[in-house]
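Structure, as structure tokens:
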Protein chains: 2
Amino acid sequence: MTLDEGKESFIQSWGTLGSSWGITRTMAQIHALLLVSPDPLSAEDIMEELQISRGNANMNIRALIDWNLVFKKLKTGERKEYFIAEKDMWQVVRNIIIQRKKKDLEPMLKVLNEIANVEGDDPETEEFKKVVRDIKLFSNKADSTLDTLVNSDSNWFVGTFMNMIK
Amino acid sequence: MTLDEGKESFIQSWGTLGSSWGITRTMAQIHALLLVSPDPLSAEDIMEELQISRGNANMNIRALIDWNLVFKKLKTGERKEYFIAEKDMWQVVRNIIIQRKKKDLEPMLKVLNEIANVEGDDPETEEFKKVVRDIKLFSNKADSTLDTLVNSDSNWFVGTFMNMIK
DNA sequence: GGCAAGATTCAAAAGTCTCTGAAACTATGA
DNA sequence: TCATAGTTTCAGAGACTTTTGAATCTTGCC
């Protein structure tokens, strides 16, 4: 397999993986492209390599920057913006967890708190309350467990945690 | 808030949460409905409550059964099939992890193995190989960590693991 | 076997999410 | 200040996903 085939294959897979992880396909592809590029790339380079429009490239690059998965890299004496990818996998996963937690888990916890107080004390209502209570308990634990993970550093996570579990 | 409002609110949120977790909205709504129903429901009940078509109900119930999130419950003397939900949250999360791992992580690992052997030894190729190697290492660890989690039982996970981390 | 209740399938329709591209905007430096 | 290189926006087009509903299949009973 040649280098170009390898890159192509990698970018496609990363795109597929990303799109089932809450980041869009193109977003993941841009990240993949930057991961395997030895040098920073400009928006134009990215458009060209991935055959996407200017608008699309721009929107997805901004999103990646928001998620802290890509950083701007200004070259001295150049007006153009260049971009590089976060290459530490734990940071990548961590940043994705942070976003997903905010977007998914937290709204769910909010709803669970609201509905934990439905009126009535007939058996059906009691059953409902019990189910909600169980889910709330689990979600709160999951939430704080994720917080701990997210605040831990890369070395501890990859070196200690993953081995500890195994 | 009344019981019905609470249920409605719960079903909608669960649906939203689910759809960003790789299970479709309707699938998650059916699961939510079954979670908060004290008694098993038939396909017809589900169609009625969620206002969805027969085909849609059928397909999504099958999918939930495949994922082990819902079980058939046959009532003696009745031809109709009734359904109940998996109510242990850890089992729910666990089953979702199992499916996602199979669908996402494993294909990625396969690709990583293929592209780890690109030809050439120029600096660009070496850089590419290094990136791929790092990702492979991380993914393999993540894969086996998830295996361990998935094989652990509910009590250990919720009782010990989550507290240990915190 | 014949029948009906129920379950399943799948092509077409509806709905959702993503991308394009041209226009508007902004920053730089002469 | 103006010209220009570069960036951002967003309405409409296009791609992809989910849902519908009617036709088909299966099951158990007489």
Side-chain angles (χ1 to χ4, degrees), chain A residues 11-12 14-34 40-67 70-84 99-100 103-104, chain B residues 11-12 14-34 40-67 70-84 99-100 103-104:
Chain A
I11 291 170
Q12 294 311 325
W14 203 246
T16 307
L17 183 64
S19 67
S20 60
W21 266 86
I23 83 177
T24 68
R25 208 142 110 67
T26 309
M27 216 170 140
Q29 287 181 343
I30 293 174
H31 183 245
L33 175 61
L34 290 173
L41 300 181
S42 68
E44 301 246 324
D45 297 332
I46 292 169
M47 286 163 57
E48 170 130 346
E49 290 267 359
L50 301 179
Q51 296 289 331
I52 59 177
S53 73
R54 182 170 297 283
N56 195 10
N58 184 275
M59 298 252 273
N60 283 294
I61 292 170
R62 291 314 128 190
L64 283 165
I65 291 175
D66 277 352
W67 286 44
V70 160
F71 309 104
K72 276 190 197 176
K73 175 100 188 185
L74 295 168
K75 289 194 182 172
T76 46
E78 280 221 54
R79 186 101 156 272
K80 215 183 284 191
E81 292 181 330
Y82 286 81
F83 305 98
I84 55 174
Q99 299 292 330
R100 300 296 305 269
K103 194 155 60 88
D104 303 333
Chain B
I11 291 170
Q12 294 310 326
W14 205 245
T16 306
L17 184 64
S19 66
S20 59
W21 265 88
I23 82 179
T24 68
R25 208 143 97 67
T26 309
M27 217 171 139
Q29 287 181 341
I30 294 174
H31 183 245
L33 175 62
L34 291 172
L41 300 180
S42 68
E44 302 247 325
D45 297 334
I46 293 169
M47 285 163 58
E48 171 130 347
E49 291 267 359
L50 300 180
Q51 297 289 332
I52 58 176
S53 72
R54 181 171 296 286
N56 195 7
N58 184 278
M59 298 251 273
N60 283 296
I61 292 169
R62 292 315 125 192
L64 283 164
I65 291 175
D66 276 352
W67 285 43
V70 160
F71 309 104
K72 277 189 196 176
K73 175 100 187 188
L74 294 167
K75 289 194 182 172
T76 45
E78 281 222 54
R79 183 91 164 283
K80 215 183 287 195
E81 293 180 330
Y82 287 81
F83 305 98
I84 54 174
Q99 299 291 332
R100 300 294 304 269
K103 194 155 59 85
D104 302 334

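Labels below follow one simple rule: chain letters A, B, ... track the order of the sequence lines, proteins then strands, and each chain is numbered from 1. These numbers come from the heavy atoms of this one structure, side chains and all, not from hydrogens, waters or symmetry mates.
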Rounded to whole angstroms, how far apart are CG on A/Asp45 and P on D/dG6?
-> 11 Å
Report the distance from atom CG of B/Asn56 to atom C1' of C/dT8, rounded to the nearest whole Å.
->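 Going from B/Asn56 (CG) to C/dT8 (C1'), I get 13 Å.
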Upstream residue (5' side of DNA chain D) when A/Arg25 and A/Lys80 are each assigned their closest nucleotide =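 The 5'-side residue here is A/Lys80.
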Choosing from C/dT18, D/dT19, D/dC10, which nucleotide comes nearest the side chain of A/Met59?
-> D/dC10
Nearest-neighbour nucleotide for the B/Thr24 side chain, D/dT18, C/dT20, D/dT7 considered |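 It is D/dT18.
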Check the phosphate of [N] against [X], side-chain N and O only, distance under 4.0 Å to OP1 or OP2. Yes or no?
{"X": "A/Arg54", "N": "D/dT8", "answer": "no"}
{"X": "B/Asn60", "N": "D/dT18", "answer": "no"}
{"X": "B/Asn58", "N": "C/dT8", "answer": "yes"}
{"X": "B/Thr26", "N": "D/dT19", "answer": "yes"}

Derivation of the side-chain hydrogen bond (donor to acceptor under 3.5 Å, both in side chains) call for A/Ser20 and B/Asp104 | CA-CA 7 Å; A/Ser20 60; B/Asp104 302 334; 3.0 Å; yes
Counting any heavy atom closer than 4.0 Å, what does B/Glu81 reach on the DNA or RNA strands: base, sugar-phosphate only, or nothing?
->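 The residue B/Glu81 makes sugar-phosphate contact but no base contact.
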Got a second to check how far B/Leu50's CG is from B/Arg25's CZ, nearest 0.5 Å?
-> 10.5 Å
Do you know which two heavy atoms are closest between B/His31 and B/Val70, and how far apart they sit?
->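 Minimum heavy-atom separation between B/His31 and B/Val70: CD2-CG2, 4.2 Å.
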Distance-only, no hydrogens or angles: does the B/Asn60 side chain make a donor-acceptor pair with backbone N or O of B/Asn56 under 3.5 Å?
-> yes
